[in-house]
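Below: the structure, in structure tokens.
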Amino acid sequence: MRLVLLLAALATAFGLAVLTTQSPRPLPASSSVTTFSAERAMIDVRRLAAEPHPVGTIEHALVQAYLLGRMTDMGLAPTLQAGLLSPAAVARIEDRGESADGLRAVNIIGVLPGRDPSLPAVVMMAHYDSVPGSPGAADDASGVAAILEAVRAIQARGAADRTLIVLLTDAEELNLDGARAFFSEHPLRDRIGAVVNLEARGGGGRAMMFETGDGNAETIAQYARATRDATGGPSSNALAVFVYRLMPNGTDFTVAAQRGLAGVNLAFIGRPAQYHSPTSTPDALDQGSLQHIGSQALEAADHFLRAEALPQATYNAVHADLFGLVVLRHPPQAGWLLLALAAGLTGFAAWGARHATGLRWSDLGRGVASGAWLLAAGLVLAQAVRALGGPMGQRIDSPETYYTLLRRLPWMEAGTGLALLGAVLVLMAGVAVIGRRIVAGVIAVLGLLALTLGGFDPVLAVALALAVGLTFWPRGETNGPWGGWLGLIILVLMFAVVVQAAAPEAAFLLVWTALIAAASAAGSAFISARLADWRALPPPLLATGLVGAWLLGQGHGVFLGVGMDLPGALALIALLVLMLARPLAPSGLGARHALAAAAGACLLLGCGLSLAGRTAEPPAPDAAVVP
């Protein structure tokens, strides 16, 4: 019975995650004139991305002329602003064997006047240049076309109080030179109060709002209100904003944020094979992604244009969307209150379990140890599966090799996910049931494989030693479901406290999930502290299906964002899913053997998928890989 419930809960989580991470259906050209239509925007995408159009080419000049004509027809009175190319941009051009003499970054700037010119203006921004060799349908013809369609819809909604500035930047692919020129030299720069920027790093998937100005609480609040009616709904979380702020990457919005401007940066990163690739054609672009990013941009910009006050810098809010329906948000300090509530609920569940089943402190310690084993083993397995797919742990100098690796991301993601599922099933079945030597041997072989193919990594080496050591720990098995469940919750709460103290914006993934797991445990203890009673199972069933789906969706975004180099980050997602599903683990020996067999199958299939990715799309043989 428990095995069936476990599989049903995991299947529900997986199915719901797949469903809610899809891009929305594109709206046809016959849609209302006040809404965003991807089909209408595709007319511009096809014209802009007919050919590659990097700075200095005839195709670039043709795209510029087309946009001037389009914006003139829309009544935006476009003007050009020429700026010098930076030394870094010149070096990139010369590295291609071309001359940068006489080249400039030429921005196209249009204005839709508002009723009150004294109010701070709103900017919609995207870049119209592409990299050499790529038509750039996604990066960033989709952004430019989405802005034109959004401006048309804004015009159809009637005049706003604020002025809208349409800024199509140039030379973004070289060194953000167009944006630097506008925000440092153009007379309109001092009139701006908010920015909406559109980007892409791929050719599909749901669009995410991944960057804001500093002190973004008011920005998040207005973004949440504005996009709740957007096609596909809002898509953002504080972890993505926090991590991106730490990364060396930059977009045009980075220049605006450095000037202290509020705003949102939107992008989609699915179908990564199309990033800076010849395959980034209009026909290959996911029109649902265009619909999602364009709809969010329209609603955010329209909201800013008609808002009584634009966002001001306060504090960085903790936030995340739930399946594109709503955006939950709270101040960073509220995380401590949620942790205290989670700790109280965990204590209540432990009290109930102790009186009903004789739960001991040692059982909780074993549960904590099982979670530590999963994190350590999961990191090893994820890194090993990733290593089977190609070079890792190094900087790829060759663009061709980098994009070949990106093409294999779906293979790697599926392989890593299956390997981590295998680790979860090992814990649910019981290491002793499978055989400690077998488990330790598999972990050791895969760990040495990862260290050999990916180069020595001290973190991986420590994780390998910890995983093997915990496998042989004689008291590592819990005597009952309560010890394993509550021990996992306690472990996650300990991690959550550390992250809450160091980076409260990033702690929500741990804090919120631990709170749900603690509430689930308290609910089960209240209904029936004996988990053998089927009446105690609805809370963890519901939590695993719904919250597990949300976690898997977050894991998908993590993999696309940083998982190519840090697949072990997904081990944390596996731990959180296990924390929700742990009380559903079957206790019968036959069911546990079935789980053990499924664990082995998942691991073999995961490694096989990663190897298949290497075979299907091998790295370029002349790739330059350097430390």
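Computation of the quantities below employed the complete heavy-atom set of this structure, encompassing side-chain atoms and omitting hydrogens, waters and symmetry-equivalent molecules.
- Atom CZ of F253 sits about 12.0 Å away from atom CD of E199, to the nearest 0.5 Å.
- The two atoms that bring A384 and L446 nearest to each other are CB-O, 3.3 Å, heavy atoms only.
- Rounding to the nearest 0.5 angstrom, the gap separating the CG atom in L510 from the CG atom in L515 is 12.5 Å.
- Side chains of M209 and P234 form no contact here, defined as non-hydrogen atoms less than 4.5 Å apart.
- In F323, the CZ atom is crowded: over 12 heavy atoms of neighbouring residues, nucleotides or ligands sit closer than 6.0 Å.
- Between E172 and D140 there is no side-chain heavy-atom pair separated by less than 4.5 Å.
- Within the 3.5 Å criterion, the main-chain N or O of Y244 finds no donor-acceptor partner in the side chain of E211.
- Here the closest heavy-atom approach between residue A419 and residue L381 is recorded as O-CD1, 3.7 Å.
- Of all the heavy atoms in S289 and S23, the pair that sits closest is N-CB, 3.7 Å.
- At least one donor-acceptor pair under 3.5 Å links the side chain of Q296 to the backbone N or O of A207.
- Proximity of L388 to L449: side-chain heavy atoms (C-beta onward) are separated by under 4.5 Å at one or more points.
- Between R582 and I489 the shortest side-chain heavy-atom distance does not fall below 4.5 Å.
- Although no hydrogens or angles enter the test, the distance criterion places no donor-acceptor pair under 3.5 Å between the side chain of H593 and the main chain of A429.
- Here the closest heavy-atom approach between residue A599 and residue L425 is recorded as CB-CB, 3.7 Å.
- The shortest side-chain heavy-atom distance between V577 and L10 falls under the 4.5 Å cut-off.
- Once rounded to the nearest 0.5 Å, the distance linking CG of L580 with CD1 of I516 reads 8.5 Å.
- Annotation for P332 and V318: closest pair CA-CG2, 3.8 Å, computed over non-hydrogen atoms.
- Of the possible donor and acceptor atoms, one in the side chain of N216 sits under 3.5 Å from a partner among the backbone N and O of A317.
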Original post:
Would F495 and L375 satisfy side-chain contact (heavy atoms from CB on, under 4.5 Å), going step by step from the backbone distance to the final call?
Top reply: CA-CA 12 Å; F495 285 140; L375 273 181; 3.2 Å; yes

**OP:** Carefully, step by step, assess V497 and W336 under the rule side-chain contact (heavy atoms from CB on, under 4.5 Å).
**Re:** CA-CA 8 Å; V497 168; W336 292 113; 4.1 Å; yes

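- Atom CG of L421 sits about 12.5 Å away from atom OG1 of T416, to the nearest 0.5 Å.
- Ring-plane geometry between W512 and W550 is classed as parallel, the angle between the planes falling under 30 degrees on a 0 to 90 degree scale with a further cut at 60.
- Side-chain atoms of S280 never come within 3.5 Å of backbone atoms of Y275 as a donor-acceptor pair (strictly under, hydrogens ignored).
- Counting only distance, with no hydrogens or angles, the side chain of D286 and the backbone of G203 share no donor-acceptor pair below 3.5 Å.
- At distances below 3.5 Å, not a single donor-acceptor pair connects side-chain atoms of R271 with backbone N or O atoms of G202.
- Taking NE2 of H556 as the reference point, atom CG of L570 lies at 11.0 Å (rounded to 0.5 Å).
- Side-chain contact between V368 and L364 is absent, with no heavy atoms from C-beta onward closer than 4.5 Å.
- Distance check: L466 CG to L379 CG gives 10.5 Å after rounding to the nearest 0.5 Å.
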Original post:
How far apart are the C-alpha atoms of V426 and L374, what are their side-chain angles, what is the distance that settles it, and do they pass the side-chain contact (heavy atoms from CB on, under 4.5 Å) test?
Top reply: CA-CA 9 Å; V426 166; L374 178 62; over 6 Å; no

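- Between the side chain of T544 and the backbone N or O of G548, no donor-acceptor pair lies under 3.5 Å.
- For the pair L551/T513, a side-chain contact is recorded, criterion being any heavy-atom separation below 4.5 Å from C-beta on.
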Original post:
Can R92 and D95 be said to form a salt bridge (Lys or Arg N to Asp or Glu O under 4.0 Å), step by step?
Top reply: CA-CA 5 Å; R92 290 190 177 188; D95 286 345; over 6 Å; no

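- Here the closest non-hydrogen pair linking M428 and A581 is CE-O, 3.3 Å.
- Side chain of S370 to main chain of G367: a donor-acceptor pair is present (N/O by atom type, distance under 3.5 Å, no hydrogens or angles).
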**OP:** Dump the intermediate steps for side-chain contact (heavy atoms from CB on, under 4.5 Å) on L575 and L491, then the final yes or no.
**Re:** CA-CA 10 Å; L575 173 65; L491 177 64; 4.3 Å; yes

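- Between R245 and N316 there is a side-chain heavy-atom pair separated by less than 4.5 Å.
- In this structure, the side chain of S524 engages the main chain of A536 through a donor-acceptor pair within 3.5 Å.
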